[in-house]
Undergrad: 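Let me give you the structure first, and then I'll get to my questions.
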Number of protein chains: 2
Amino acid sequence: MANSGKKKATIYDLSVLSGSSPSTVSAVLNGTWRKRRIKESTAELIRSLAETHQYTANRQARGLRSSRSGLVGLLLPVHDNRYFSSLAQTFEAHVRSKGQCPIVVSASRDPEEERKTAETLISYSIDELFICGATDPDGVHEVCEAAGLKHINIDLPGTKVSSVISDNFEGGRLLTEAIIRHFPAGRPLEPNDLYLFGGRNDHASHERIRGFRAVKKELLGGDPDECIQPTGYAPNNARKAFEAFYARHGKLPRGLFVNSSINFEGLLRFMAEHPHDNFTDLVVGCYDYDPFASFLPFPVIMIRQNVEGMIAKAFEVIEQPRAAPRIHLVEPELVPPRTALTGPLDALKDIDLPRRKT
Amino acid sequence: MANSGKKKATIYDLSVLSGSSPSTVSAVLNGTWRKRRIKESTAELIRSLAETHQYTANRQARGLRSSRSGLVGLLLPVHDNRYFSSLAQTFEAHVRSKGQCPIVVSASRDPEEERKTAETLISYSIDELFICGATDPDGVHEVCEAAGLKHINIDLPGTKVSSVISDNFEGGRLLTEAIIRHFPAGRPLEPNDLYLFGGRNDHASHERIRGFRAVKKELLGGDPDECIQPTGYAPNNARKAFEAFYARHGKLPRGLFVNSSINFEGLLRFMAEHPHDNFTDLVVGCYDYDPFASFLPFPVIMIRQNVEGMIAKAFEVIEQPRAAPRIHLVEPELVPPRTALTGPLDALKDIDLPRRKT
DNA sequence: AGTCATTGCACCATCGATTGTGCAAATAAG
DNA sequence: CTTATTTGCACAATCGATGGTGCAATGACT
C-alpha cells in the first residue's frame, strides 16, 4: 500500500522516516545492530518501517561496498539436456539453501565463450563459480584466478584447481559389461559387434573409452580400434557416423555404447530416417540417463551420474581452504532398461490455486 | 602478465597510469568519449592501458550509478525438462545477442517463491524479467510493478501485463484429433477410450482440455467428464492416477492425452511397474516434445511448442512501450511419432582441442 | 592585440549500503 | 557530586563508474 510509486525505498528514506541515521538503519536491517549497540526499540521501529515500505536492500550497492554480491555462478555447456538441466536444478537448490542467488549460464562448449562468460560473471562480483563440463577448464581458471574468485570444476576436470567428476572409467566399465551381458549366451557378442559412438577429446570420453576397451578385451577377448568412433557432441555428427556405418554394413552394430544422451539424439535421427528397420537385436548403452530413453523399444542401459552427490561434494570442497588440486570421483549408477527414476522434480510440491493477496 | 595479483584494475588505476582523470577514463572505456571531446590519442592510450591491465568494468558500480545492470532475468518453474530447458537455451542466446547477461532462475511453481525470487532479482537491478510458466503471474507482476521493472509473461498468461503463450486450445485440438485418427477405421475409438491425464488449474490446462473436449465431441460424438483427470504436474501423482485407472479397468485407456512431458514421466513410472503388459493398442499424445519420448514402443504423438517463436515474440513485445495487456498466441506444431527434431543444440559448433594461450 | 568559439579535459556530486571512529548522554562507581 | 564506564547512535569515508558543469588552453577571426 505504502508507495505504489516507482522508486524503491532506501536506507536514506527510512533514516528520515525513523529519525535515525542511515548507518543505524543499515545496521538494523543487515543484522549487525547488536554489535553496534542499537536499542531494541529503535531496531523495532526501523524494522516495522522497512516492512510497511517494502524495503529491500539494493544489492548492487551492497555488493559494491563489500565486493561480494551473493551471486553464485554455474557455467554449463548447454541447458537443454536432462543431465545438465538436472545439475542446474540441484545446484539452484543448494545455493538457495545458503541464502544466495544462483545464476546459471551456458557457454556452448566454446573455450573463448567460456572465458568471456566467466569474465562477465566476475564483473558482477559473483562470490563463487562452478565450472561444469568446460572444454577448457584451465582457461576459465586463469580468469577466475586473476580476479581472486573461488572456483571448482565439475564433470570435466582441470589441472589448476580441484574437480569433482564422475568416475567415468568405472562407469564406462559398468556400462560396457552390462551391454555385453545383456546378450544371450547363445548368440554372444563378437568384438566387432560392439561400437562406441560419440564424445570427443575430453577427459570424460577418454576415461569412458578406456573402461570400454578394458572390458571388451577382458570379456570379448578383443578390442579393435575401429570400434571407437568419437564424433564430437553434435547430434548431427553422430547421426552421420551411424549413417556411414549403416551404409557400409547394411545394419548397425549389435551393441552400441553411446557417449552421451546428446549423441543419442543423433541415433534417433538416424532411426527416423530408417523407419522400416526394426533394430531388433540391438542393445544400446548410453552414458547419462534420460527417463524416456530408458523405455525405447530396444534395450537401453543407462548410466546415471550422481548429480546430487557431485553438487554436494563440490560445495563441500569449494568451502574448504584451497589445497593442492585434487580430483574427487563420484560413482555413477547403472540403470537397467525400462527404469523410471525420480529426480529433483520430485522434491517439489504440487501447488494449486494461486492465492491472491490483494 | 601485467598484474597476476588479486585486485582488479579500476578506472582510478588507469587514470593514474594514463595521467588523465577518472571521468576521462570512464568516458573512453564506455564509448561516450567522442561526445566528451576526448582526443583520439588520449583515448588510444587509455584503451591500450586497459588492454594490458585487463581492465573490465565493475558492473555493480556501473549498475548502482545508472540503476541498470545489464542483467535480464528468466523465471522458470523448473529446469530439468526439455521444454523449459530449451526455453532457457533460446532465451540465453537472445539475451547474449543484445550484449546483456541472462540470468535464469527457477521457482518451483510456488507462488510465494515466485514473488520472492522476483524480488531478489529486482534487488540486483535486473533490466527486464520474463516470467515463464508462473503459477501466479499477477503476483509476480505486482512485485515488478512496484519496482518499475519491465516484464512479460510467457507460457502462462497473466492479466496485468501482456503474455506470449502457445495456442493451447488449437494445440489441444490438433493433438486430440491426431490421436483419434491414429486408430484404424476398423477399430475406432469410443468416447470412453480417450482420457486426458495431467495438468492442473491453470490457463494452459484449461485450454488444452477445452480443445480436447471439443474434438472428442466433434469426432467421437461424446465427451464424458470422467475422462478428464487433472492430476497436477508431479510425476508421482500422475503415476497414481494411471495406477488407479488400471486397478479399476485392468488396462489403460486406448488413447491417452498427457498434459505435459513431466506427467508423461508418471506414465513411465506406471509402466515400469507393469513390465509384462505390452501396451499394444495404446496411442499417447503428449503436450510438449521430447525426442526420446517420440520413439517409445507405442505411438507417441507430440506437440512441440514454438519456443523460438515465443521467445522472439516476447522480446519484441517487451521492447515496445507498454500497452493494454494482450495475449499473443503462438501456434504449436504437431509432431508425428518417431520424429527427431533439431533444436537449439544444433546451433552450436563442435569445438575440440582447447587452445591454451599460456 | 582583442574577442570569440572550439577543443580537451578535470572536478565533483551521485547511486545505496557498509563500517571504522568519535562523541554525547545515561548510568555506575567511588 | 565527580570521575569512569557503558550505552546509543551520528558522521564521514568508501566501493567504482557516470555525467553535468566549468574552465584553461588553443586556434580563428577581425
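By convention in this document, chain letters (A, B, ...) are assigned in the order of the sequence lines, proteins followed by strands, and residues within each chain are numbered from 1.
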Undergrad: One thing to verify: whether B:R68 and B:D127 come together as a salt bridge, which I'm taking to mean a side-chain N less than 4.0 angstrom from a carboxylate O.
TA: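 Yes, this pair counts.
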Undergrad: Cut-off 3.5 Å, side chains only: do B:R59 and A:S123 have a donor facing an acceptor?
TA: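 Yes, side-chain donor-acceptor contact under 3.5 Å.
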Undergrad: Looking at B:E119 and B:K116, does any basic side-chain N land under 4.0 Å from a carboxylate oxygen?
TA: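 Here B:E119 does not pair with B:K116 in a salt bridge, since their nearest N and O are not under 4.0 Å apart.
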Undergrad: With a 4.0 Å heavy-atom cut-off, tell me which residues in residues 13-31 of chain B come close to DNA chain D, sorted by residue number.
TA: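 Listed by number, they are B:S23, B:S26, B:N30.
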Undergrad: Should the pair A:E40-A:R47 be classified as a salt bridge under the 4.0 Å nitrogen-to-oxygen rule?
TA: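 Judged by the 4.0 Å cut-off on N to carboxylate O distance, A:E40 and A:R47 do form a salt bridge.
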Undergrad: Using a cut-off of strictly less than 4.0 Å between a heavy atom of the residue and any atom of DNA chain D, enumerate the qualifying residues of residues 56-72 of chain A by number.
TA: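 Within residues 56-72 of chain A, the residues near DNA chain D are A:L64, A:R65.
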Undergrad: Return yes if a side-chain donor-acceptor contact under 3.5 Å exists between B:H94 and B:E308, otherwise no.
TA: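 Judged by distance alone, the side chains do pair up.
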Undergrad: Any ring-ring contact (aromatic ring centres under 6.0 Å, His included) pairs touching residues 9-37 of chain B, not counting sequence neighbours?
TA: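 For residues 9-37 of chain B, and leaving out neighbouring residues, there are no ring-ring contact (aromatic ring centres under 6.0 Å, His included) pairs at all.
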Undergrad: List the atom of B:Q60, the atom of A:S125, and the distance in Å for their closest heavy-atom pair.
TA: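 Looking at all heavy atoms of both residues, the closest pair is NE2-CB, 2.9 Å.
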Undergrad: My understanding is that only one of B:V28, B:T42, B:T24, B:L45 makes a side chain to side chain contact (heavy atoms under 4.5 Å, CB included) with B:S18; could you say which?
TA: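 It is B:L45, the one option of B:V28, B:T42, B:T24, B:L45 that forms the side chain to side chain contact (heavy atoms under 4.5 Å, CB included) with B:S18.
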Undergrad: Does a side chain donor of either A:Y83 or A:D155 reach within less than 3.5 Å of an acceptor in the other side chain?
TA: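 Per modelled atom types, A:Y83 and A:D155 side chains form a pair under 3.5 Å.
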Undergrad: Heavy-atom contacts under 4.0 Å between residues 117-126 of chain A and DNA chain D, which residues?
TA: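 None - not one residue of the stretch has a heavy atom sitting under 4.0 Å from the strand.
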Undergrad: Students should find this one: the first and last nucleotides of DNA chain C, 5' to 3', lying under 4.0 Å from a heavy atom of chain A. What are they?
TA: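 That gives a stretch of C:dG16 to C:dT21.
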Undergrad: Can B:E128 and B:H151 be counted as having a side-chain donor-acceptor contact under 3.5 angstrom?
TA: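 B:E128 vs B:H151: no donor-acceptor pair found between side chains.
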Undergrad: Atom CH2 of A:W33 to atom P of D:dA10: distance rounded to whole Å?
TA: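 Rounded to the whole Å, the gap is 15 Å.
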Undergrad: Checking side-chain polar atoms at under 3.5 Å, does A:R109 have a donor or acceptor matched by the opposite partner on A:T135?
TA: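 No, A:T135 and A:R109 have no side-chain donor paired with an acceptor closer than 3.5 Å.
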Undergrad: Between A:F130 and A:F315, is the ring centroid distance below 6.0 Å?
TA: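 Yes, they do, as the ring centres are separated by less than 6.0 Å.
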Undergrad: Which ones in residues 36-46 of chain A lie close to DNA chain D, meaning a heavy atom under 4.0 Å from one of its atoms?
TA: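 By residue number: A:R36, A:R37, A:I38, A:K39, A:T42.
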Undergrad: Less than 4.0 Å between a side-chain N and a carboxylate O, is that true for B:E142 and B:R115?
TA: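 No, B:R115 and B:E142 are not salt-bridged.
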Undergrad: Is it true that the side chains of B:D110 and B:S108 contain a donor and an acceptor less than 3.5 Å apart?
TA: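 The answer is no; no qualifying pair exists.
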Undergrad: Under 3.5 Å, is there a donor-acceptor pair between the side chain of B:N58 and the main chain of B:A61?
TA: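 Indeed, once roles are kept as given, a pair shorter than 3.5 Å links the two residues.
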Undergrad: Establish, with yes or no, whether the OP1 or OP2 oxygen of D:dA17 is under 4.0 angstrom from a side-chain nitrogen or oxygen of B:Y55.
TA: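 For D:dA17, OP1/OP2 do have a side-chain N/O of B:Y55 under 4.0 Å.
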